[in-house]
Amino acid sequence: MKVIVIGAGVMGLTLATELDNRGVLVEIYERGCSVGDKACSWLAGGMLAPWCERENAPLAVQQYGKKSYQWWRNYLQKEGDLYANGTLVIAQSRDRQELLRFSRRTENFEWLDGEALRDLEPDLADRFSRSLYFADEGHLNPRTSLQFLVERLQKKGVAIHFNSMVDPKSFSQDIVVDCRGIKSKEDWNGIRGVRGEMLIIKTEEVTFQRPIRLLHPRFPLYLVPRKEGQFMVGATMIESEKRHSVTVRSMLELLGSAYAIHPAFAEAEIVETGCDVRPAFPDNLPRIKQEKNIWSINGLYRHGFLLAPIMAEKAANAILDQNYKLEQLYEYSCK
Ligand SMILES: Cc1cc2nc3c(=O)[nH]c(=O)nc-3n(C[C@H](O)[C@H](O)[C@H](O)COP(=O)(O)OP(=O)(O)OC[C@H]3O[C@@H](n4cnc5c(N)ncnc54)[C@H](O)[C@@H]3O)c2cc1C
């Protein structure tokens, strides 16, 4: 059996991996000239935070997110760009109520006082007196992770055609899986785009081992450490499909939260700014559908890395086994 996967974002690449593992001949078409060139996935923070995300996501995200996190660990732990160091959630003293609110909406964390926080992240010492620590979470570098999947697939003989913008309907003889993200919006009912802006900054003055989430009543933001002194600062959540570059307001909020986490970020270099549009359904949960020979997966919203592996497993099972009972994530949430 041959399956054509359209789109080499996190959804297309995890699906191709699952299909290839099951012995299926897979071919990928991607309009960008290289991995991530035109993918929303390239801009992600890479937080694998099923418990933190529960703050404003249905239970399905937590349950399936845990499984996806394990999937990434199986593939990437040895590659060195996946970190199982947990997540820290902090708030400035005037926003302390936010920490309490966050703790009521989540589970599987411990409260840390200033001293315990100092042990985990010395650079936060004396700046925050209380925090929530989600020890079982992790993070990855989305870019090296996507590159890893591409190289692994290519080594196994999977053809990836870059610079190839194709229409799923043009492959009438094969099974096709449409993983075009927001670009396939017109083929779905109810998909909207949620604009996300991010920055990458660089400094040798601050070191963190894990993502730091700074709570704020209006713009909660986070900072994810990467190699070579880099930090991804993200991400705005704006109900808009406009892709223009980062606005002044967003830049102020992103930089302001980095500065609030540590004033040494004032001297950091701004390495990159970016913006893309997350595909989302009204309940913010992804979907899989089939119409004749075309399967489609979409709506990963802010959980692309957190949910793509589990969506890939489900889709691969459904494509290969007509008797497989495909449970959508919203069905889980209705239980
Ligand atoms: C700023 C920001 C931060 C984020 N942080 C996180 C995070 O920390 N954790 C997390 O889990 N998620 C995060 N997300 C969400 C995540 O990035 C998305 O959910 C995910 O990227 C969606 O993946 P996708 O594969 O569906 O779409 P995409 O990544 O957009 O991939 C679709 C691919 O299809 C290709 N394509 C489109 N049309 C065609 C065509 N006709 N022919 C061929 N190819 C085509 C595109 O070029 C693209 O490469 C974040 C998103 C943003 C914007």
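We count ligands from 1, going down the list as the structure has it; atoms in each ligand are counted the same way. If you're wondering where the values come from, they're calculated on a predicted model, not measured in any experiment.
Proximity annotation for atom 17 (O) of ligand 1: of Gly274, Pro168, Pro142, Ala44, Ala44 comes nearest, heavy atoms only. Considering Gly196, Pro286, Cys179 only, the shortest heavy-atom separation from atom 32 (C) of ligand 1 involves Cys179. Comparing Gly234, Gly181, Ser41 by heavy-atom distance to atom 22 (C) of ligand 1, the nearest is Ser41.
Side-chain atoms of Asn293 and Asp174 form no donor-acceptor pair, as typed in the model, at a separation below 3.5 Å. Between the side chains of Glu55 and Thr106, no donor N or O sits under 3.5 Å from an acceptor N or O. No side-chain N or O of Arg302 forms a donor-acceptor pair with one of Asn284 less than 3.5 Å apart.
Looking at Asp126, Asp113, Asp123 one by one, the single match for salt bridge (charged side-chain N to carboxylate O under 4.0 Å, His left out) with Arg118 turns out to be Asp126.
Against a heavy-atom cut-off of under 4.0 Å, Lys183 is close to the following atoms of ligand 1: 37 (C), 38 (N). For ligand 1, the atoms closer than 4.0 angstrom to any heavy atom of Met165 are 41 (N), 42 (N). Annotation for ligand 1: atoms under 4.0 Å from non-hydrogen atoms of Leu43 are 1 (C), 2 (C), 3 (C). Near Ile6, meaning under 4.0 Å from any of its heavy atoms, are these atoms of ligand 1: 42 (N), 43 (C). Under a 4.0 Å criterion applied to the non-hydrogen atoms of Ser164, ligand 1 contributes the atoms 42 (N), 43 (C). Close contacts of ligand 1 with Ala235, meaning ligand atoms under 4.0 Å from a residue heavy atom, involve 1 (C), 3 (C). Under a 4.0 Å criterion applied to the non-hydrogen atoms of Val10, ligand 1 contributes the atoms 23 (O), 25 (O). Near Gly7, with a cut-off below 4.0 Å to any heavy atom, the atoms of ligand 1 are 33 (C), 34 (O), 35 (C).
A side-chain donor-acceptor contact under 3.5 Å links Trp72 to the backbone of Phe305. Judged by distance alone, the side chain of His161 and the main-chain N or O of Ser164 form no donor-acceptor pair under 3.5 Å.
At a heavy-atom distance under 4.0 Å, atoms from both the backbone and the side chain of Phe305 approach ligand 1. Counting heavy atoms under 4.0 Å from ligand 1, residue Tyr222 touches it through the side chain alone. Only the backbone of Arg302 comes within 4.0 Å of ligand 1, judged by heavy-atom distances. When non-hydrogen atoms are compared, ligand 1 lies under 4.0 Å from neither the backbone nor the side chain of Asp167.
With Trp295 as the aromatic partner, Lys289 does not meet the cation-pi criteria of under 6.0 angstrom to the ring centre and within 45 degrees of the ring axis. Taking the ring centre of Tyr75 as origin, the terminal cationic atom of Arg73 falls outside the region bounded by 6.0 Å and 45° from the ring axis. Taking the centre and axis of the six-membered ring of Phe281, the NZ or CZ atom of Arg287 falls inside the cone set by 45° and 6.0 Å.
Among all non-hydrogen protein atoms, the one lying nearest atom 47 (O) of ligand 1 is Glu30 OE2, 2.6 Å. The protein non-hydrogen atom at the shortest distance from atom 51 (C) of ligand 1 is Arg278 NE, 3.6 Å. At the shortest separation from atom 9 (N) of ligand 1 among protein heavy atoms lies Met47 O, 3.5 Å. Closest to atom 25 (O) of ligand 1, if we only count protein heavy atoms, is Met11 N, 3.0 Å. Considering only non-hydrogen protein atoms, atom 30 (O) of ligand 1 sits nearest to Cys40 N, 3.0 Å. In terms of protein heavy-atom proximity, atom 5 (N) of ligand 1 is nearest to Gly45 N, 3.0 Å. Scanning all protein heavy atoms for the shortest distance to atom 26 (O) of ligand 1 gives Leu300 CD1, 3.6 Å. The protein heavy-atom contact nearest to atom 44 (N) of ligand 1 is Arg31 N, 3.0 Å.
A salt bridge does not link Glu151 to Lys155: none of the charged nitrogens lies less than 4.0 Å from a carboxylate oxygen. Ion pairing between Glu331 and Lys325 holds under the 4.0 Å rule for side-chain N and carboxylate O.
Inclusion of Asn298 in the set of residues having an N or O under 3.5 Å from an N or O of ligand 1 is not warranted. For Gly304, a nitrogen or oxygen atom sits less than 3.5 Å from a nitrogen or oxygen atom of ligand 1, counting backbone and side chain alike. Looking at ligand 1, you won't find any N or O of Glu197 less than 3.5 Å from one of its N or O atoms. Where the criterion is an N or O separation shorter than 3.5 Å, residue side chain and backbone included, Gly32 fails it with respect to ligand 1. Between Val166 and ligand 1, at least one N/O pair is under 3.5 Å apart. Between Tyr301 and ligand 1, a contact under 3.5 Å exists for at least one N or O pair. By the 3.5 Å distance cut-off applied to N or O atoms, Met232 is not counted among the residues near ligand 1. Among the atoms of Met198, none of the N or O lies under 3.5 angstrom from an N or O of ligand 1. Residue Gly12 places no N or O, backbone or side chain, under 3.5 Å from any N or O of ligand 1.
Within the structure, the closest approach of Gly46 to ligand 1 falls below 4.0 Å when heavy atoms are considered.
One finds the OG1 atom of Thr273 at 12.5 Å from the CD1 atom of Ile201 (value rounded to the nearest 0.5 Å).
Annotation: salt bridge (Lys or Arg N to Asp or Glu O under 4.0 Å) contacts involving residues 211-231, sequence neighbours excluded, comprise Glu53-Arg213, Asp81-Lys227.
Taking the six-membered ring where the residue is Trp, Phe231 and Phe265 present perpendicular rings, their angle passing 60° and hence far from 30°. By the 30° and 60° cut-offs, the orientation of the rings of Tyr332 relative to Tyr64 is perpendicular.
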- Task: For salt bridge (charged side-chain N to carboxylate O under 4.0 Å, His left out), just list the numbers for Lys185 and Glu241, CA-CA rounded to whole Å, side-chain angles, deciding distance to a tenth of an Å, and then say yes or no.
- Result: CA-CA 11 Å; Lys185 185 179 174 222; Glu241 296 184 5; 3.3 Å; yes
- Please test Glu107 against Arg54 for salt bridge (charged side-chain N to carboxylate O under 4.0 Å, His left out), starting from the C-alpha separation and ending with a verdict. CA-CA 8 Å; Glu107 56 182 277; Arg54 177 75 176 118; 5.4 Å; no
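Here Phe109 and Trp51 keep their ring centres 6.0 angstrom or further from each other.
By the neighbour-count criterion of 12 heavy atoms within 6.0 Å, atom CZ of Arg243 is densely surrounded, having more than that number from other residues, nucleotides or ligands.
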